[in-house]
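Below: one structure, written as structure tokens.
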Number of protein chains: 2
Amino acid sequence: MRDSKPVHKETHLGRVPLFDDLPGGEIQQLAKASKVVVLEKCGTLFRTGETCPGLHVVMYGQLKVAFSSTQGSEKVVDILQAGQSFGEAELLLDEPYRAHAQALCDTLVLQVAGTAILDLIARNPGFAHRLLNGMSRRLHDLMIDLEGYTLHTGAARVLTFLLREAAVQEPCNESAVVRLSAPKGVIASRLNLSPEYFSRILHDLSEQGYFAIHGRDIHIDSVSRLQLGLA
Amino acid sequence: MRDSKPVHKETHLGRVPLFDDLPGGEIQQLAKASKVVVLEKCGTLFRTGETCPGLHVVMYGQLKVAFSSTQGSEKVVDILQAGQSFGEAELLLDEPYRAHAQALCDTLVLQVAGTAILDLIARNPGFAHRLLNGMSRRLHDLMIDLEGYTLHTGAARVLTFLLREAAVQEPCNESAVVRLSAPKGVIASRLNLSPEYFSRILHDLSEQGYFAIHGRDIHIDSVSRLQLGLA
DNA sequence: AGCCCGGCTTGATCTGGATCAAATCAATCC
DNA sequence: GGATTGATTTGATCCAGATCAAGCCGGGCT
């Protein structure tokens with residue numbers, strides 16, 4: 001992140017799903033109300049307990065959102081990719097963050113001031129609806145995670161995760177190569193597993209012929225076979 | 001639930017926090033678009049996989065929302081009290097329910113048709129904002145639960161639960177009697193504990209002098225003492 | 001009163017997954 | 001290339017919390 005070429009906020013914002021059907025004027029308002037944050041790998045975007053300065057939108061790079069326990073261990077709640085936003089709930093409730101966010105690689109974030117978002121909600125019902133849909137999606141995904149954590153075994157969570165990744169990375173293919181988008185330790189924590197146990201599960205499943213592991217690439221011969229493994 | 005006195009939807013809806021500052025005309029529209037559902041104890045409101053007929057609003061009574069595993073065990077996600085609504089996310093995304101809902105006692109629910117809610121969002125930015133706040137609250141609470149499940153021990157979750165209940169039931173009192181609003185087994189599942197282990201934790205904590213148990217009533221001498229127990 | 005049934009407790013045992021410790025591998029930097 | 005540092009694996013051990021199996025209320029019913 002050492003080049004200091006000025007960031008053109010409008011074009012960036014216009015590409016984000018949450019904003020991409022907004023008229024140009026609105027985008028300009030948002031751009032004016034937003035701040036560029038440049039993070040290098042491992043840089044912190046916000047910490048637990050801080051109050052939220054606005055809506056975070058990832059332009060490029062990758063962030064992990066995690067809880068930290070008193071004993072230094074942490075639990076990754078979400079991994080944010082380019083185009084995703086974060087902090088809607090805290091913004092609307094004006095509550096401090098329960099988690100912290102850290103860049104997994106060099107990352108660019110725009111922070112849109114809360115007032116600009118609130119204005120937009122009041123002025124543009126279509127945007128409110130879109131925001132509502134985004135939050136619904138997040139709520140729904142969180143429910144799925146919760147179901148996994150409380151009802152499914154570690155191996156089942158790993159299989160489910162790989163299936164979802166395969167569906168995203170190579171839709172509708174019977175065979176797929178899934179590339180883990182983050183270090184195994186981070187994925188492990190995301191699945192609520194210790195790195196060691198995650199490694200063992202991966203090993204076991206590959207021994208059972210579900211897939212082959214090559215570093216961060218998981219080669220799946222038969223996606224439908226994985227699906228069966230869930231039963 | 002054996003009296004069949006017709007339910008006056010308007011007055012009921014007008015008392016629900018989500019709708020209570022809507023103009024009378026809007027309330028009437030909602031009432032017209034909503035259906036009364038009467039459930040007796042253990043009656044099912046909806047099942048996993050069903051598509052959602054509208055927004056559920058609890059008028060009186062109590063519901064549990066839970067995941068069911070293939071082996072018959074279940075995990076309670078939420079306990080809904082009178083005045084609460086449920087199903088916003090599924091409604092907006094048009095996704096089937098991931099969980100089922102069952103009445104814990106005789107319960108009255110209004111189901112507001114999805115179209116009426118969508119209209120209201122498009123027409124009334126204030127309502128959209130209110131809905132957004134409600135979903136933020138739910139998202140935030142879910143995050144707190146998740147933090148508990150993944151990072152805290154069983155005993156810590158029980159203490160946290162009791163502290164929140166005390167804060168709701170007897171705000172700002174140093175001593176409090178917390179009445180468990182549901183059978184212990186349901187609370188246990190809500191905290192992601194087996195009934196047996198929940199019972200043991202309660203026993204242990206009371207032995208350590210944190211509180212005294214009388215059936216479903218937990219007598220807390222010193223709320224601040226409980227807070228210390230969390231460290 | 002006596003009976004029944006569902007909710008709760010208690011005890012004994014088991015296990016998924018964590019933790020600790022050490023070895024191996026991989027990427028980067030002199 | 002060798003050294004350094006972090007990521008991953010492997011092995012041994014441990015533990016929070018589940019499960020299984022009885023007992024034990026307490027309250028509604030006849």
Side-chain angles (χ1 to χ4, degrees), chain A residues 40-42 62 64 67 69-76 79 102-106 148-159 161 179-207 211-218, chain B residues 40-42 62 64 67 69-76 79 102-106 148-159 161 179-207 211-218:
Chain A
E40 24 189 289
K41 191 176 174 181
C42 295
Q62 204 179 33
K64 73 169 182 212
F67 296 120
S69 81
T70 34
Q71 289 83 359
S73 65
E74 67 169 28
K75 152 69 185 138
V76 174
I79 301 173
Q102 203 180 13
L104 292 175
C105 56
D106 292 351
Y149 298 149
T150 56
L151 240 37
H152 302 331
T153 157
R157 267 173 278 154
V158 171
L159 285 177
F161 171 78
R179 167 154 298 156
L180 301 181
S181 67
K184 285 185 180 166
V186 175
I187 306 279
S189 173
R190 173 72 244 269
L191 297 173
N192 204 24
L193 298 168
S194 69
E196 294 94 331
Y197 193 45
F198 180 53
S199 171
R200 279 183 246 270
I201 289 174
L202 240 32
H203 181 97
D204 289 358
L205 289 174
S206 82
E207 210 149 61
F211 46 70
I213 309 167
H214 294 98
R216 269 189 205 175
D217 291 336
I218 314 285
Chain B
E40 24 189 291
K41 190 175 174 183
C42 297
Q62 205 179 31
K64 71 168 184 213
F67 296 120
S69 82
T70 32
Q71 289 82 0
S73 64
E74 66 169 27
K75 152 70 185 137
V76 174
I79 301 173
Q102 203 180 14
L104 292 175
C105 55
D106 291 352
Y149 297 149
T150 56
L151 240 37
H152 301 330
T153 158
R157 266 173 278 153
V158 171
L159 285 177
F161 172 77
R179 166 154 298 156
L180 301 181
S181 68
K184 285 186 180 164
V186 175
I187 306 280
S189 173
R190 172 75 247 267
L191 297 173
N192 204 25
L193 297 168
S194 69
E196 294 94 330
Y197 192 45
F198 180 53
S199 172
R200 280 183 245 270
I201 289 175
L202 239 31
H203 181 97
D204 289 358
L205 288 174
S206 81
E207 210 149 62
F211 46 70
I213 309 167
H214 293 97
R216 266 187 208 178
D217 290 337
I218 314 286

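Just so we're on the same page: letters track the sequence lines, and every chain starts at 1. These values consider heavy atoms only, across backbone and side chains, with no hydrogens, waters or symmetry-generated copies. Just so we're clear, the structure is a prediction, and the values are computed from it rather than from any experiment.
- Residues satisfying the side chain to side chain donor-acceptor pair (under 3.5 Å) criterion with B/Lys75, sequence neighbours excluded, are B/Tyr149.
- Ion pair A/Asp217/A/Arg179 flagged as a salt bridge, since at least one NZ, NE, NH1 or NH2 atom sits closer than 4.0 Å to an Asp/Glu carboxylate oxygen.
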At a cut-off of 3.5 Å, list every protein nitrogen or oxygen paired with a nitrogen or oxygen from nucleotides 9-13 of chain C, distance to 0.1 Å.
{"residue": "C/dT9", "atom": "OP1", "partner": "B/Lys184", "partner atom": "NZ", "Å": "3.0"}
{"residue": "C/dT9", "atom": "OP2", "partner": "B/Ser199", "partner atom": "OG", "Å": "3.1"}
{"residue": "C/dT9", "atom": "O5'", "partner": "B/Ser199", "partner atom": "OG", "Å": "3.2"}
{"residue": "C/dT10", "atom": "OP2", "partner": "B/His203", "partner atom": "ND1", "Å": "3.3"}
{"residue": "C/dG11", "atom": "N7", "partner": "B/Arg200", "partner atom": "NH1", "Å": "2.9"}
{"residue": "C/dG11", "atom": "O6", "partner": "B/Arg200", "partner atom": "NH2", "Å": "3.3"}
{"residue": "C/dA12", "atom": "N6", "partner": "B/Arg200", "partner atom": "NH2", "Å": "3.3"}

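- Side chain of A/Gln102 to main chain of A/Lys64: no donor-acceptor pair is present (N/O by atom type, distance under 3.5 Å, no hydrogens or angles).
- Looking at B/Phe161 and B/Leu180, their side chains come closer than 4.5 Å, going by heavy atoms from C-beta outward.
- One can place CZ of B/Arg216 at 11 Å from C1' of C/dG6, the figure rounded to the nearest angstrom.
- Looking at heavy atoms from C-beta onward, B/Pro183 lies in side-chain contact with B/Arg216 at the 4.5 angstrom threshold.
- No donor-acceptor pair under 3.5 Å is formed between the side chain of B/Ser69 and the backbone N or O of A/Leu151.
- The distance from atom OG of B/Ser194 to atom CZ of B/Arg200, rounded to the nearest 0.5 Å, is 7.0 Å.
- In this structure, the separation between CG on B/Leu104 and CD1 on B/Ile79 is 6.5 Å, given to the nearest 0.5 Å.
- How far CG of B/Asp204 is from OG of B/Ser206: 8.0 Å, rounded to the nearest 0.5 Å.
- Rounding to whole angstrom units, CG of residue A/Leu193 and C1' of C/dT19 are separated by 14 Å.
- Bounding nucleotides for the chain A contact on DNA chain D, 5' to 3', at a heavy-atom distance below 4.0 Å, are D/dT8 to D/dA12.
- Distance B/Leu180 CG to C/dG7 C1': 13 Å, rounded to the nearest Å.
- With sequence neighbours left out, the salt bridge (charged side-chain N to carboxylate O under 4.0 Å, His left out) criterion links A/Glu196 to no other residue.
- In the helix from C/dA1-D/dT30 to C/dC30-D/dG1, the end axes, each obtained as the rotation axis mapping the C1' atoms of four pairs onto the next four within a five-pair block, lie 30° apart to the nearest 10 degrees.
- The side-chain heavy atoms of A/Gln62 and A/Val186, taken from C-beta on, include no pair separated by under 4.5 Å.
- Contacts between residues 148-155 of chain A and DNA chain C, defined by a heavy-atom separation below 4.0 Å, involve A/Thr153, A/Gly154, listed by number.
- Phosphate contact (OP1/OP2 of C/dG17, side-chain N/O of A/Arg157, threshold under 4.0 Å): present.
- As a whole-Å value, the separation of B/Asp217 CG from C/dC8 P is 13 Å.
- Atom CG in B/Asn192 sits 12.0 Å away from atom OH in B/Tyr197 (nearest 0.5 Å).
- A donor-acceptor distance shorter than 3.5 angstrom exists from the side chain of A/Asp106 to the backbone of A/Lys41, with no hydrogens or angles considered.
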